[in-house]
Amino acid sequence: MIIIGSILLSLPFADKAGQATNYSDALFTATSAVCVTGLSTVTTATHWSFFGQLIIMILVEIGGLGFMTFAVMLSNFAHQRMSLGARMLTGKALNLNHPSQLRIVQLIIRLSLIIQLMGAILLFIVLKPRLGIGKGIWYSIFHSVTAYCNAGFDLFGPSLEQFANNPYFLTIIMLLISAGSFGFLVWRDLLTYHIHHKLSLHTRFALTVGIIILIRVVLVKSF
């Protein structure tokens with residue numbers, strides 16, 4: 001995925017200037033996107049064209065959801081049934097007890113897409129007056145995906161500094177980051193709680209520590 005992404009990002013029409021990006025920069029950006037780190041050797045907002053930004057967002061989505069989860073999503077969209085070997089491999093990769101639990105993966109995928117869509121809609125409320133409809137829609141989708149996947153890429157240049165005094169926008173971004181940071185195992189436990197009526201140690205620890213850190217940050221910010 002990184003190699004394919006780097007090749008696409010090195011194409012001339014991936015650059016706003018219409019010139020081929022240095023392959024080392026394209027490779028670094030593709031690696032950063034798939035591994036959701038957000039580091040870049042070029043400015044995402046000014047260097048990449050719409051095509052380049054789209055490739056980055058797709059790579060972020062693949063890296064954020066996980067390659068095997070993304071494979072399940074593609075098979076669902078294509079209405080193709082995964083082979084038994086692929087189902088077993090996916091189950092091992094996602095720490096499932098049985099391949100039949102892949103339906104939980106499908107549920108998490110739907111939930112992830114719904115959360116990202118809701119995030120984009122809520123961000124659009126702020127971005128439409130600033131950027132217009134077309135650009136506002138694209139920026140809303142891009143930042144909803146990158147926030148949910150904890151990627152760190154942005155299209156505003158100096159990160160989100162211009163929204164430092166916009167608590168609504170920052171709250172939506174924070175909620176998306178929090179929702180995405182839970183990870184597959186936590187969402188699986190939360191979505192199946194009505195069946196098993198228990199949470200794993202991993203889920204309890206992740207939720208407890210997350211809440212403690214959030215409260216601490218709020219208190220420090222307040223005082």
Side-chain angles (χ1 to χ4, degrees), residues 1-78 80 82 86 89-90 92-95 105 108-109 112-113 115-117 119-120 123 127 131 134-161 173-174 176-184 187:
M1 293 310 304
I2 290 173
I3 292 175
I4 293 174
S6 66
I7 293 174
L8 293 175
L9 290 176
S10 63
L11 296 175
F13 47 84
D15 186 330
K16 280 187 176 181
Q19 300 176 352
T21 299
N22 186 294
Y23 185 73
S24 62
D25 291 326
L27 178 61
F28 186 92
T29 302
T31 303
S32 180
V34 173
C35 299
V36 289
T37 63
L39 298 175
S40 180
T41 55
V42 296
T43 304
T44 306
T46 58
H47 181 82
W48 303 107
S49 65
F50 170 76
F51 175 79
Q53 295 170 0
L54 178 63
I55 295 301
I56 292 174
M57 188 188 75
I58 293 174
L59 293 175
V60 165
E61 189 77 90
I62 294 174
L65 293 180
F67 180 76
M68 296 309 299
T69 306
F70 198 77
V72 174
M73 182 174 70
L74 291 180
S75 67
N76 287 339
F77 284 156
Q80 294 182 351
M82 299 179 68
L89 177 61
T90 304
K92 289 293 184 181
L94 300 178
N95 197 28
V105 179
I108 292 175
I109 290 172
S112 297
L113 295 179
I115 291 175
Q116 292 178 50
L117 177 60
L123 292 178
L127 297 180
L131 306 173
K135 197 172 182 180
I137 292 175
W138 169 237
Y139 273 50
S140 299
I141 295 173
F142 184 93
H143 290 93
S144 180
V145 171
T146 56
Y148 182 81
C149 296
N150 288 214
F153 286 96
D154 77 277
L155 302 180
F156 296 107
S159 191
L160 302 181
E161 291 181 11
I173 293 293
M174 287 189 294
L176 287 169
I177 293 173
S178 299
S181 67
F182 283 161
F184 171 80
W187 280 116

side-chain contact (heavy atoms from CB on, under 4.5 Å) involving Ser49 - partner list, sequence neighbours excluded
Lys16, Phe51

Say whether, by atom type as modelled, one donor and one acceptor occur between the side chain of Gln116 and the main chain of Ser144 under 3.5 angstrom.
no

Output the distance between atom CG (Leu9) and atom CD1 (Ile2), rounded to the nearest 0.5 Å.
11.5 Å

Please name the pair of heavy atoms, one in Phe153 and one in Leu39, separated by the smallest distance, quoted to 0.1 Å.
CZ-O, 4.0 Å

To check you understand the geometry: which heavy-atom pair defines the closest contact between Ala30 and Gly5, and what is its length?
CB-C, 3.9 Å

Exercise: identify the closest heavy-atom pair between Ser40 and Val42:
OG-O, 2.6 Å

Separation of Ile173 CD1 from Ser178 OG (nearest 0.5 Å):
11.0 Å

Within residues 22-35 or reaching into it, pairs that qualify as side chain to side chain donor-acceptor pair (under 3.5 Å) - sequence neighbours excluded:
Ser6-Tyr23, Asn22-Ser24, Asp25-Thr41, Ser32-Thr37

Are the side chains of Leu54 and Trp138 in contact, using a 4.5 Å heavy-atom criterion?
yes

So, taking the atom named CG in Leu8 and the one named CG in Leu59, what distance separates them when rounded to the nearest 0.5 Å?
8.0 Å

Go through the structure and list residues passing ring pair (Phe, Tyr, Trp, His ring centres under 6.0 Å) with Tyr148, not counting sequence neighbours.
none

Would you find a donor on one side and an acceptor on the other, under 3.5 Å apart, between the side chain of Asp15 and the backbone of Ala20?
no

Nearest 0.5 Å, what's the CD1-SG distance between Ile62 and Cys149?
10.5 Å

Worked verdict on Leu117 versus Leu113 for side chain to side chain contact (heavy atoms under 4.5 Å, CB included)
CA-CA 6 Å; Leu117 177 60; Leu113 295 179; over 6 Å; no

Tell me, please, which residues at least two apart from Thr146 pass side-chain hydrogen bond (donor to acceptor under 3.5 Å, both in side chains).
none

What verdict does the side chain to side chain contact (heavy atoms under 4.5 Å, CB included) test give for Thr21 and Trp48, after you've listed the backbone C-alpha separation in whole Å, the side-chain angles of each residue and the deciding distance to 0.1 Å?
CA-CA 9 Å; Thr21 299; Trp48 303 107; 3.6 Å; yes

Measure centre to centre between the rings of Phe156 and Tyr139, then say whether the value is under 6.0 Å.
yes

Can you list every pair that meets side chain to side chain donor-acceptor pair (under 3.5 Å) and has a residue in residues 151-160, with sequence neighbours left out?
none

Inter-residue atom distance His143.NE2 - Met57.CE, 0.5 Å rounding
11.5 Å

Once you round to the nearest 0.5 Å, how far does CD1 of Ile58 lie from CD1 of Ile4?
11.5 Å

Could you work out, with side-chain hydrogen bond (donor to acceptor under 3.5 Å, both in side chains) as the rule, every residue matching Ser10, not counting sequence neighbours?
none

